[in-house]
Amino acid sequence: SIEQTRRGIARLTDILTAAGASVAKSHANFVWARFPFPTASLCDGLLAKGVIIRSGDGFGCPDCVRVSVGTDEELNAFELALKEVMRVEA
């Protein structure tokens, strides 16, 4: 539903902002976020944990990611995996 998507965007924005990213305003079922570093290893680390996000490399923005809104369970998994990968990257 539209309301679920709005809640998901808000939650993703909070998760990504807490991880150090700046998040563009979204009116779709995904968010676009820019990190202060290239995100290829972040995307690879998340993929290794079963979480798929799209790198901004293909769009000419190697420090960006595109993250789709998912279910509450998927967002929980994303948040946990992101924290774990960011801890390893640091």
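Sequence positions, counted from 1, serve as the residue numbers for this chain. All figures in this text were calculated on a predicted structure; none of them were measured in a lab.
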Problem - Smallest separation among heavy atoms of Val23 and Ala33, with atom names - result: CG2-CB, 4.0 Å
Problem - Pairing residues for Phe35 by the ring pair (Phe, Tyr, Trp, His ring centres under 6.0 Å) criterion, not counting sequence neighbours - result: Phe37
Practice task
Please name the pair of heavy atoms, one in Ile15 and one in Leu82, separated by the smallest distance, quoted to 0.1 Å.
Solution key: CG2-CD2, 3.7 Å
Exercise for the section: Not counting sequence neighbours, which residues clear side-chain hydrogen bond (donor to acceptor under 3.5 Å, both in side chains) with Arg11? List them please. Expected result: Asn76, Glu79
Practice task
Check side-chain hydrogen bond (donor to acceptor under 3.5 Å, both in side chains) between Ser22 and all other residues, then give those that pass, not counting sequence neighbours.
Solution key: none
Handout entry: Verify same cluster id: Phe30, Leu46 (apolar side-chain graph, 4.5 Å)
Key = no
Exercise for the section: Scan for disulfide (SG to SG under 2.5 Å) pairs involving residues 25-62, sequence neighbours excluded, and state none if there are none. Expected result: Cys61-Cys64
Practice task
Enter the distance from Arg66:CZ to Trp32:CH2 here, rounded to the nearest 0.5 Å.
Solution key: 8.5 Å
Problem - Contact summary for Asp57 and Ala40, nearest pair of heavy atoms - result: OD2-CB, 4.4 Å
N/O donor to acceptor pairs below 3.5 angstrom from side-chain atoms of residues 47-54, sequence neighbours left out:
residue	atom	partner	partner atom	Å
Lys49	NZ	Glu84	OE1	3.0

Problem - Atom pair OG1 (Thr13) and NZ (Lys25), whose distance is rounded to the nearest 0.5 Å - result: 9.0 Å
Fill in the blank from the handout: Between the CG atom in Leu16 and the CZ atom in Phe78, the distance rounded to the nearest 0.5 Å is 4.5 Å
Taking only distance into account, with no hydrogens and no angle test, what donor-acceptor pairs under 3.5 Å do side-chain atoms of residues 1-10 form with protein atoms, sequence neighbours excluded?
residue	atom	partner	partner atom	Å
Ser1	OG	Gln4	N	3.1
Thr5	OG1	Ser1	O	3.1

Problem - Donor-acceptor contact present, side-chain Ser55 to main-chain Pro62, <3.5 Å - result: no
